[in-house]
Amino acid sequence: MLDLKGVNAGYGSFQALFDISLNVKAGEAVAVIGPNGAGKTTLMRVISGMTEPFSGEMEMEGKSLSSFPPHQIVELGIAHVPENRRLFPGMSVEDNLKLGAFAKTARSDSAKNLEFVYELFPRMKERRSQLAGTMSGGEQQMCAIGRAIMSGPKLLLMDEPSAGLAPVVVQQVFSLVRRIREEGYTVLIVEQNVQQVLQVVDRAYLLEAGQLIDSGKSKDLLESDSVRKAYMGL
Amino acid sequence: MTRTIPFIIGFLLVVAPFSTPQYPLHLLIMILIWSLVYTAWSLMGRFGLVSLGHGAFMSIGAYVTALLWNYSGISPWIGIPAAMITAAIMAFLVAYPCFQFKIVGHYFALVTLALSEVVKLVIIASRDHTGGSLGFTPNREGDGTSFYALQFADKETFYFVVLGAWVLGLVIWRLVDKSMMRYALDSISEDEDASAAAGIHVTGSKLKITMLSAVLTALGGALYCQYQMFIGPEVIGGIGISLQIVFAVVVGGLYTMMGPTIGAIITLLMTEIFRNWITSLRTEGIDLAGLDTSIYGLMLILFIIFLPKGVLGELIDRLAGGRQKDTS
Ligand SMILES: Nc1ncnc2c1ncn2[C@@H]1O[C@H](COP(=O)(O)OP(=O)(O)O)[C@@H](O)[C@H]1O
Ligand SMILES: [Mg+2]
């Protein structure tokens with residue numbers, strides 16, 4: 001579904017990603033794991049069109065992404081749940097969700113998708129008129145995921161959904177991710193929370209200092225000594 | 001009760017010219033023209049797009065209309081739309097690079113500030129055609145009243161022209177307020193990146209509102225020209241006018257439909273009162289020229305500090321607050 005080949009990217013003269021090649025197949029959940037500053041957020045921003053790559057090729061279902069601005073990439077079926085959730089704190093939960101369906105391709109299904117999000121996350125229905133900024137971290141993450149689903153995507157990009165949340169809430173967030181998978185969405189998730197994320201994805205890539213250094217099935221990575229040492233402190 | 005107020009005001013506005021002496025009628029016309037300009041500015045200002053360049057759009061509206069009339073004999077009925085299109089193109093040329101390169105906030109304000117100076121300097125430099133700093137007067141058609149030339153010797157007719165334009169401004173404000181674009185722009189003003197991630201065309205939405213705002217401002221400039229039959233680069237442009245626009249909207253209220261109009265009423269009455277006061281002092285031999293602008297400036301600073309939502313915004317807050325207390 002998503003194919004990256006030899007992508008180089010960064011900010012101004014600073015290069016944050018070197019020769020990244022990865023793919024995500026339809027129906028899969030794939031993680032990119034790496035420490036702080038590895039370039040995970042940059043990778044997500046490049047795919048969703050918010051940061052322009054220096055070079056390389058990106059395709060979504062055979063269509064090149066390179067020349068599209070963010071709002072058109074959403075129309076191609078890629079939704080981005082940004083780092084730190086980035087809700088509109090002064091707007092109600094429902095307005096936040098509705099904004100997720102702003103893309104031309106999503107507007108006609110807006111009401112249907114809203115029903116679907118409320119079904120998926122009944123908590124959001126209870127909180128529909130509350131200001132998004134006044135909810136707990138876990139609820140805000142739920143809202144951010146819901147907002148992404150509102151665009152009717154095929155592929156969800158999630159940037160560290162568990163960051164900054166209490167351990168109990170982290171558990172809930174990963175079960176949300178599992179729910180999303182069961183609904184048939186393809187997921188590309190970046191995380192530092194290695195142990196947990198490997199429980200919910202099929203495959204993972206390891207990103208370090210802007211380079212992919214390893215990849216494999218979750219099961220194998222969980223058992224790999226180097227991964228256990230480097231990322232789980234075992 | 002509150003529902004009938006707009007009807008009463010509407011009725012008064014329609015009968016006003018038939019029972020009002022010339023001087024108050026003149027003030028009313030000026031208030032309506034400036035209200036249109038202020039409303040136009042607030043279309044984008046309310047979304048955090050602070051332009052200090054609207055004097056440029058007013059100038060373009062006035063000068064394009066007047067130059068087409070004097071030199072090519074093109075009726076303002078065509079000249080005004082042409083001026084509005086020119087303002088839209090100018091807004092696009094300045095705003096597109098800004099938005100594309102993420103020039104926002106203070107930096108955007110500075111770029112637009114430069115625009116208002118550049119347009120002013122161009123007008124002054126082309127003095128052979130525009131009259132430069134001395135100003136410009138549209139040619140009178142016949143005895144001064146001509147529908148074709150949009151010139152009216154009597155204030156009553158012109159009053160209805162500007163009343164219509166002002167209502168148009170309010171209608172557009174309301175349409176924007178009820179549109180999807182408002183959602184988009186609200187979220188853009190909160191967080192551009194998150195809006196882009198949600199599928200909003202950030203640059204496009206900002207461009208649309210900026211161009212709409214410029215077009216309506218140009219209409220205001222053109223009407224000012226047709227009414228006063230005199231324009232000058234500093235009279236309807238430059239930094240002075242650009243700042244006046246921002247101040248008046250801040251005084252009236254940025255986030256309500258009638259806020260800019262209230263701002264026009266307050267600031268215009270204030271300037272008139274000061275001007276008359278200083279003139280009368282001068283006849284007694286006391287020269288306080290310039291004091292009016294100083295007091296005016298001081299009052300505006302006080303407004304910004306103590307009534308940041310403007311007079312109307314504050315009033316609405318108070319009324320709403322009072323109501324909430326009543327019910328609890
Ligand atoms: N806007 C930016 N401008 C310049 N450098 C940046 C910017 N954002 C991130 N970086 C740099 O790019 C590198 C990768 O950052 P990022 O993609 O945010 O990493 P991660 O999400 O894995 O923590 C870091 O060295 C960071 O300092
Ligand atoms: Mg990050």
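In what follows, every chain begins at residue 1, and chains take the letters A, B, ... in the order their sequences are listed. The figures that follow rest on heavy atoms only: side chains count, while hydrogens, waters and symmetry mates do not.
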Distance, nearest 0.5 Å, that separates OH of B/Y183 from CG of A/D95: 3.5 Å
Least distance between heavy atoms, A/V74 atom then B/A196 atom: CG2-O, 4.1 Å
CZ (B/F7) with more than 12 external heavy atoms under 6.0 Å: no
B/Y96 atom OH, neighbour heavy-atom count above 12 within 6.0 Å: no
Part of A/R107 lying under 4.5 Å from any heavy atom of chain B: side chain
Spacing of CD belonging to B/E190 relative to CZ belonging to A/R86, to within rounding of 0.5 Å: 11.5 Å
Closest-packed option against chain B by number of heavy-atom pairs under 4.5 Å, given A/A101, A/S151, A/G90: A/G90
Toward chain B: residues of residues 118-149 of chain A with heavy atoms under 4.5 Å: A/R147
A/H80 side, atom NE2; B/D193 side, atom CG - distance, nearest 0.5 Å: 9.0 Å
For the student: nearest non-hydrogen atoms of A/F88 and B/D191, plus distance: CE2-O, 3.8 Å
Residue-level interface, residues 38-71 of chain A with chain B, non-hydrogen cut-off under 4.5 Å: A/R45, A/M50, A/P70, A/H71
Atom of A/F102, atom of B/A184 and distance for their closest heavy-atom approach: CZ-CB, 3.4 Å
Side chain / backbone / both / neither for B/S195 at chain A, heavy atoms under 4.5 Å: both
B/H201 NE2 to A/K104 NZ distance, which is reported to the nearest 0.5 Å: 8.0 Å
